[in-house]
Each structure stands twice: as structure tokens, then as C-alpha cells.
Amino acid sequence: MINSNGTTNYAVILAAGSGERMGFSTPKQFLKLAGRTVIEHTLAAFQDHPLIHEIFIVVSPKDRLYLEELLLKNPVPKVTRILGGGATRKDSSWAGVGAIPADALDHANILMHDAVRPFVTRRIITETIEALQHHEAVDVAVPAVDTIISVDDENFIRDIPDRSALRRGQTPQGFRAAVLKKAHELSHADPDCSVTDDCKLILKYNLGDVFVVRGEEKNIKITYPEDLFLADKIFQVNSSALEDGPPLRRIQDKVVTVFGATKGIGQAVMELGEHYGGRMHGFAASSGCDVSNPEDVRLALQHVMQTEGRIDAVVNTAGILRSGRLADRDPADIEREIAVNYLGSINVVRAALPLLQATRGGICLFTSSSFTRGRSLYTIYSSSKAAIVNLVQGVAEEAAPQGVRINAINPERTATPMRVENFGPEPPESLLTARAVAEATIKTLFANFSGTVVDVRRSSASL
Ligand code: C5P
């Protein structure tokens with residue numbers, strides 16, 4: 001497949017590093033992040049990009065089998081070659097360049113990308129490819145916010161370059177394929193060449209200009225153990241992933257079951273789903289389905305299975321919020337709040353998982369912004385919402401082999417009856433609409449990530 005301008009765009013994913021700096025025996029590209037390995041997230045970014053035609057993966061021979069198993073479980077159709085990597089990053093990059101068919105070289109671009117940068121965005125890939133129409137090579141970089149100092153062997157400062165001209169390089173790095181191949185060939189014939197960076201090779205041998213595309217702070221390279229914590233957090237603030245995510249019409253003809261469907265966000269999910277052609281089935285305590293009762297949940301899902309023959313997605317918005325100092329509250333009332341907010345979600349997940357395997361479906365539960373920090377007077381509500389996050393993360397890993405995804409929606413203050421009941425009237429412009437939360441919920445149901453807390457903010461309300 002080629003572009004309308006006759007160019008084939010190859011992504012070469014460099015995954016042959018050993019990850020020594022991480023201090024783990026598993027290379028960092030194969031560590032788990034939000035339900036999938038780091039490299040699977042990276043591959044998804046290129047698989048889902050309409051301008052990428054083929055993907056080559058460069059991997060160390062010892063990891064090849066593991067990678068092949070991953071691809072069997074979670075196919076990435078654009079992957080056409082798996083290549084053996086070399087001792088250095090430059091050797092691995094050469095393996096990728098050398099695999100481009102000779103007759104394609106003059107009409108091909110290569111996007112060389114670190115497997116350990118799973119947060120590359122659609123915009124970065126698009127702009128890199130577009131810039132290759134005018135330039136031989138493209139780097140992706142962000143401004144240097146720290147002052148960069150250059151030191152000598154004894155650790156004394158040699159120079160402090162002007163920060164305004166400094167950038168921190170990321171990937172992808174884009175190249176016209178023939179130009180990058182020439183650069184590598186010249187370096188092989190050059191005994192003095194110690195250059196390892198592909199863009200620097202282009203400059204060293206005067207093969208063209210290297211344009212710089214704006215990167216993103218979040219396009220981090222997972223290098224050290226603490227980067228995995230940061231990466232988890234980046235996944236949690238995932239509203240930008242939804243911008244690149246599936247359209248609402250993905251719900252068309254999908255069988256969706258909603259618990260808590262008669263009020264607030266649940267009702268908005270029902271209405272929006274119906275508008276986009278989803279086959280929506282709603283249940284609520286007011287109509288006899290109490291999520292805290294496993295039998296009610298089982299019967300509800302059984303009813304949908306009998307009617308439709310399958311279930312593609314399940315949403316549980318049922319929740320209650322009661323205030324009061326913990327010491328002063330009635331024990332039965334506390335138990336009820338936990339039973340609905342926490343056990344209710346457990347009941348929904350346990351009953352839904354076996355049914356969703358057949359459709360490789362998705363589940364959305366609801367947390368609250370209070371999950372990050374317990375709130376006085378709302379200790380049971382906020383701690384039950386923190387429990388939802390942990391539940392989602394754990395189940396995401398357990399359900400990944402069956403292809404079932406589960407995420408938590410984290411709406412900021414939303415205009416719902418529950419909110420009004422507890423906090424009285426508030427200025428509408430300070431609240432999210434239930435419809436905006438419903439949009440994020442439907443997109444998340446059909447997005448390809450799992451184990452994530454999707455923050456929905458007013459600024460992301462027009463997702
Ligand atoms: O550790 P480093 O910054 O070089 O890693 C950047 C990327 O290059 C990683 O995705 C790593 O797997 C890859 N790499 C490679 N072959 C090597 C060294 C690193 O493919 N020999």
C-alpha cells in the first residue's frame with residue numbers, strides 16, 4: 001500500500017535494547033503498563049495511524065519468541081517483518097533500514113521509533129510524515145526546560161549553552177529511506193565514525209537538512225523504574241487518548257448494558273447510545289435491579305443475552321453518596337453505601353466477564369476525583385471510589401488474556417441529581433454535563449486501552 005503521492009511509510013520500532021538501566025531482568029519494552037506491554041501500546045499508535053503502511057519490529061533474538069506470542073494473542077496487522085537487532089541502537093536501526101526492499105527505497109519514508117515511547121501521538125506521527133515532503137530528515141524534540149550543562153572528564157563545567165536554542169530529542173525520527181541508507185553505508189566505511197544518532201549521521205555526511213517537529217512532554221522514554229509510575233499516571237490522564245480514540249458511532253448495533261440507567265450519567269449514556277444506534281439495555285434499582293445483589297445483576301445480564309444473543313459492553317454508573325463524620329454514621333447506612341458503590345461493581349464485573357469474552361468487549365466503572373485523596377465527611381464514598389480504581393487495574397490484568405477491557409471513568413463535578421441532592425444548586429458553568437461524561441464513557445468502552453482511569457474535565461468536554 002502506498003500514499004496518494006506514491007510514498008510508502010514504514011515505521012521501524014526499535015525493541016532490541018536489554019533495559020539494563022531499569023535493573024529488571026525483563027527488557028522495559030515488555031513490562032506491563034495499563035493492562036498491556038509497553039511495546040503493544042507503541043505498536044497500537046502506529047497501527048492506528050492512517051498514514052503508516054507497514055511496521056517492522058527490531059528485536060533481540062532472545063525476545064523474538066515472546067514478541068511473536070504477543071502478536072499472536074493481540075495481532076497488529078501492519079507488522080510485516082520482525083528483524084534481529086544489533087549490539088547498539090545504531091546496529092538495530094541499520095537492521096530496519098536494510099530490510100526496506102531495494103525497489104521501494106526511492107519512494108519510502110522510515111519513521112524510526114523507540115519501542116519504549118508508548119505515548120507518541122497521532123499529531124507527532126502526522127507532522128513527521130508531512131515534514132518529509134520537504135526535508136530529507138526530521139527529528140522530534142521538546143524545549144529544554146532545565147539548563148543543560150556540558151562537563152569534562154573531571155566533572156567540571158565546560159560550557160553552558162544558551163538554553164533557548166536547546167531541545168531534547170525524542171522519537172520518531174523520520175527519514176527518506178534512501179538518504180538514511182546512504183548515511184549508514186557511509187558510516188560503515190568510515191573508521192572514525194562514533195556517531196550513534198541517525199539524525200546526526202545525516203548532518204555528518206551532509207545528506208540534507210533535518211527539520212524539527214514539536215514533540216510532547218508526555219512522549220517519555222521509559223528508562224528507569226520510576227518512569228513506569230509516571231507512565232501509569234500519564235495513562236490515567238487519558239482524555240487526549242480519547243481525542244485520537246474511536247468515534248461515538250462505533251456503538252452502532254453494539255449491545256450495551258447499563259446499570260444505574262434511569263438517572264444522571266447512566267441515563268445520559270442510554271440516550272446518547274440510542275442516538276448513535278447502540279442496542280441499549282438499562283437497569284436500575286428503581287425498576288428492581290439492585291447492583292448490590294449478585295442475583296439481580298445476573299438476571300439482568302441473562303435477560304440481555306436471551307434477547308440479543310450477545311453483549312458487547314457493560315457500564316455501571318449505580319452509586320450512592322452519603323455524608324457525615326464516620327464516627328457519627330449509622331453502621332447499616334455505611335454498609336449500604338459500600339454494598340452499592342463497591343460490591344455492586346464487583347458483582348457487575350464478575351457476572352459480565354464471562355459474557356464479554358465472546359465479543360472481546362469492554363466494561364466501564366465509575367470512580368470520582370476523590371479517589372486520589374480521601375475526603376472528610378465523605379470517607380466511605382471516597383474510599384469506595386478509590387477501591388474501584390484498584391479493582392479496575394487488577395481485573396484489567398486478569399482479563400487481558402481474554403481480550404476484555406475494563407476502565408474507570410473519573411468525571412469531575414457533574415450536573416446530576418446525586419450532586420444536587422448532596423451539594424444543592426451550583427452554577428451550571430462550574431459543572432460537567434452528564435452528556436459530556438456519557439461521550440467519554442462510550443468512547444472508552446470501544447477504545448483499545450485497559451486498566452486506565454479516564455479523567456473527564458470540563459476542558460475535555462467536547463471530546
Ligand atoms: O537505551 P536506548 O535509549 O538506546 O533505547 C532506545 C530504544 O532503542 C529502545 O526502544 C531500545 O529497545 C532500542 N535499542 C535497540 N537496540 C539496541 C539498543 C537499544 O533496538 N542495541
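One-based numbering, in listed order, for ligands and for the atoms of each. Residue numbers run from 1 in the order of the sequence given. Since this is a predicted model, take the numbers as computed values, not measurements.
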Notebook entry, point to check: With a cut-off of 4.0 Å, which atoms of ligand 1 are near a heavy atom of Ser92?
Noted result: 15 (C), 16 (N), 17 (C), 20 (O), 21 (N)
Note to self: Looking at ligand 1, would Gly85 count as a contact under a 4.0 Å heavy-atom criterion?
What the structure shows: no
Next item on the list: Indicate, with yes or no, if the rings of Phe46 and His113 have centres closer together than 6.0 Å.
Entry: yes
Notebook entry, point to check: Does ligand 1 have a heavy atom under 4.0 Å from the side chain of Met112, from its backbone, from both, or from neither?
Noted result: neither
Check: For ligand 1, which atoms have a heavy atom of Lys28 less than 4.0 angstrom away?
Finding: 1 (O)
Margin query: Would you say Ser369 and Glu412 are linked by a side-chain donor-acceptor pair, where the criterion is simply a distance under 3.5 Å?
Written below: no
Next item on the list: Report yes or no: does a heavy atom of Val58 sit under 4.0 Å from some atom of ligand 1?
Entry: no
Notebook entry, point to check: Should you measure from each heavy atom of Thr88, which atoms of ligand 1 turn up under 4.0 Å away?
Noted result: 16 (N), 17 (C), 21 (N)
Next item on the list: For Thr414 and Thr416, test the side chains for any donor-to-acceptor distance below 3.5 angstrom and give the result as yes or no.
Entry: no
Item checked: Per-atom contacts, ligand 1 versus Ala87 - under 4.0 Å to a heavy atom -> 21 (N)
Notebook entry, point to check: Which of the atoms of ligand 1 are close to Lys221, meaning less than 4.0 Å from one of its heavy atoms?
Noted result: 2 (P), 3 (O)
Notebook entry, point to check: Who gets closest to atom 10 (O) of ligand 1 by heavy atom: Ile13, Leu14, Val38?
Noted result: Leu14
Next item on the list: Identify whether the distance between the nearest side-chain nitrogen and carboxylate oxygen of Arg435 and Glu439 falls below 4.0 Å.
Entry: yes
Notebook entry, point to check: Which option, Gly86, Ala115, Ala16, Gly17, owns the non-hydrogen atom nearest atom 21 (N) of ligand 1?
Noted result: Gly86
Checklist line | For Glu127, all residues meeting side-chain hydrogen bond (donor to acceptor under 3.5 Å, both in side chains), sequence neighbours excluded | finding: Arg123
Item checked: For Val116, atoms of ligand 1 separated by under 4.0 Å from a heavy atom -> 9 (C), 10 (O)
Check: Does the pair Asp198/Lys200 count as a salt bridge with the N-to-O cut at 4.0 Å?
Finding: no
Margin query: I need the contact type for Pro27 against ligand 1. Using non-hydrogen atoms and a strict under-4.0 Å cut-off, is it side chain, backbone, both or neither?
Written below: neither
Next item on the list: Identify, with sequence neighbours excluded, every residue that meets salt bridge (charged side-chain N to carboxylate O under 4.0 Å, His left out) alongside Arg36.
Entry: none
Check: Thinking salt bridges, do Arg168 and Asp146 make one under a 4.0 Å N-O criterion?
Finding: no
Check: Would you say Arg117 contacts ligand 1, with heavy atoms under 4.0 Å as the rule?
Finding: no
Checklist line | Pair Thr7, Asn109: side-chain N/O donor-acceptor within cut-off below 3.5 Å | finding: no
